[in-house]
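Written below as structure tokens is the structure these notes are about.
Counting starts at 1 for both ligands and their atoms, following the listed order. These figures come from a predicted structure and were not determined experimentally.
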Amino acid sequence: MTETIKQAEEDRGAQARERDCPTCGQRVPVDRRFVVWCDACEWNVDPGGEQETDPDGGRVERLRRAVAQRHGERLFADLALQPASASPPGTGVSGVVAVALAVAVHGLTVVLAALGLWLLIGRWGEGFQPAIGALLLGLAVLLRPRFGSFTKLRQDAPVLERADAPHLFALLDEVAAAVGTKGVEAVVLGPEANAGVRTYGIRRHRVLRLGLSLWSILDRQERIALLGHEFGHYAHGDTRHGLLVGSALRSLSTWRYVLAPNGGDSLMDLFANLLTALPRWTVHGVTLLLDQATLRASQRAEYLADASAARAAGTDGAAGLMDRLLVMDSAEAALQRETVAARTRIGGPSRGEDREERADGLWERVAAQVASVPQREYERLRRVSELRGHSVDDTHPPTHLRRRHVAQSDHHTPGIVLDASREAAVDGELRQPAQAMARQIVRDGLGA
Ligand SMILES: [Zn+2]
Ligand SMILES: [Zn+2]
């Protein structure tokens, strides 16, 4: 009953009303679920664009973005000229520079730890020195390279292993083989509209993280494309996500956090900010250098991973995936809405059992909402991608360039076709853990 009322409400909201564009006067449709914008003059095409850069370190972020943009455009032009992969990413001079910088970053952590230990133990009882030593040791602990622990991962999150989902793992193995690598040892499900591969621990256990908001909005070949892309990262290697450089980038972002200037304007604050200015700018400088040395390689790795996606799923599947990536935010917003709706149904009893019922079908409802996103919204997001261009935090090149690259490269027929019965078998294996996650989200909220 409530479903029908909600649906009717949504239909009414989706009914296109119109208004005048305040800039050029053209009539633009109003759909309260989406940003109202003008396709003639691009009024309000990207209302969130200004908040993207954070006010502190805004200058550095702008600089990093500009560097990314320049690299990105040149790289796209180069790839258009010679799409075949020549040398693996991360080799050559920039690869050596990246490794040297990463070693220097971790070297400093070692020095801090040693100095801290010496002050703490060697200078015990000598005024403030042991306290400073303890502080330095704590800092070194914060800055230490983290490789993640596979054992801890298995304790913390519901992890699927081969025996839990034989059809899923068979599919993963097949996609991995199609792009020239081996499969993963575990799959971790998450609520987000994203996916990624990581390796855990020194022994480099391969783990695929699959966000259900993304997985549930993809059609069959798009799913193959997503897996092809992720396994493509393993196949081609990616320095930025590699052990040494990846952990150095994490250390640097810890440094930036520790050295961030105080907001206050008391004399003490100003003095402290002055004192940290030199190290702060050094950290910014090293970050910029490491970006320079790795961005090209990591963006190149994304294009190569997209090529893997096209090889596994076919060009159409890969292009379809790129379109879905445009609405990832819509998928997360839909999840948010559905979660809130299930948690706080107006007038309904909030007994635990009832809530559990409302959690069932959560992912299907998210998929249905995303399926109703109109072409006009896709077009707006495509233009936003072009306007924002390359950002740094997200090492993926802008989606419109990725889509263009896939479309411009050699046309691939699907290497793997996921048929309906096989999809049903995989879905059947995911149903129970997906439902468990939905119930957990509805019980605890998305923030938990
Ligand atoms: Zn206009
Ligand atoms: Zn990627």
Side-chain angles (χ1 to χ4, degrees), residues 18-30 34-47 68 72 75-76 79 85 88-90 172 175-176 179-181 184 190 192-199 206-211 214-215 218 222-242 245-246 249 294-313 317-326 328 376 379-380 383-385 387 390-403 405-406 409:
E18 289 191 340
R19 59 165 291 180
D20 289 333
C21 164
T23 312
C24 74
Q26 166 163 304
R27 297 293 285 170
V28 293
V30 175
F34 303 105
V35 170
V36 178
W37 66 290
C38 173
D39 55 332
C41 71
E42 302 210 325
W43 163 74
N44 207 34
V45 65
D46 185 16
L75 175 63
F76 183 76
L79 282 172
S85 62
L172 297 180
V175 175
V179 304
T181 186
V184 290
E192 69 279 355
N194 209 339
V197 285
R198 266 195 69 176
T199 49
R206 289 184 169 192
V207 176
L208 169 71
R209 186 172 169 103
L210 206 53
L214 178 59
W215 186 250
L218 300 181
E222 289 163 2
R223 288 178 171 182
I224 299 291
L226 177 69
L227 298 176
H229 176 96
E230 295 307 333
F231 283 116
H233 279 301
Y234 284 137
H236 302 298
D238 182 348
T239 41
R240 206 172 163 94
H241 297 141
V245 175
L249 280 167
T294 57
L295 261 177
R296 185 185 162 85
S298 77
Q299 291 192 352
R300 194 157 176 279
E302 294 302 338
Y303 285 119
L304 291 177
D306 286 342
S308 295
R311 221 171 309 131
L321 173 65
M322 302 299 136
D323 285 338
R324 294 286 167 246
L325 295 180
L326 286 171
M328 284 201 303
R376 188 181 153 77
E379 175 59 25
R380 185 184 74 82
R383 294 193 196 188
V384 168
S385 163
L387 277 176
H390 290 78
S391 61
V392 199
D393 295 330
D394 152 35
T395 49
H396 289 72
T399 311
H400 71 284
L401 285 186
R402 291 174 62 193
R403 194 186 194 289
H405 183 246
V406 164
S409 304

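Side-chain atoms of Y234 come within 3.5 Å of backbone N or O of R198 as a donor-acceptor pair.
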For this session: List the steps, then state whether side-chain contact (heavy atoms from CB on, under 4.5 Å) holds for F231 with V184.
Result: CA-CA 9 Å; F231 283 116; V184 290; 3.8 Å; yes

Problem set entry | Residues R402, L321; criterion side-chain contact (heavy atoms from CB on, under 4.5 Å); working and verdict | CA-CA 10 Å; R402 291 174 62 193; L321 173 65; 5.6 Å; no

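L214 and A195 get closest at one heavy-atom pair: CD2-N, 4.1 Å.
Listing protein N, O or S atoms at distances below 2.8 Å from the Zn ion (ligand 1), with waters left out, gives C21 SG, C24 SG, C38 SG, C41 SG.
Looking only at side-chain heavy atoms (C-beta outward), L172 and E230 stay at 4.5 Å or farther from each other.
Between D39 and the options Q26, R383, R380, a side-chain hydrogen bond (donor to acceptor under 3.5 Å, both in side chains) holds for only Q26.
Note on E302: counted as a metal contact of the Zn ion (ligand 2), an N/O/S atom lying under 2.8 Å.
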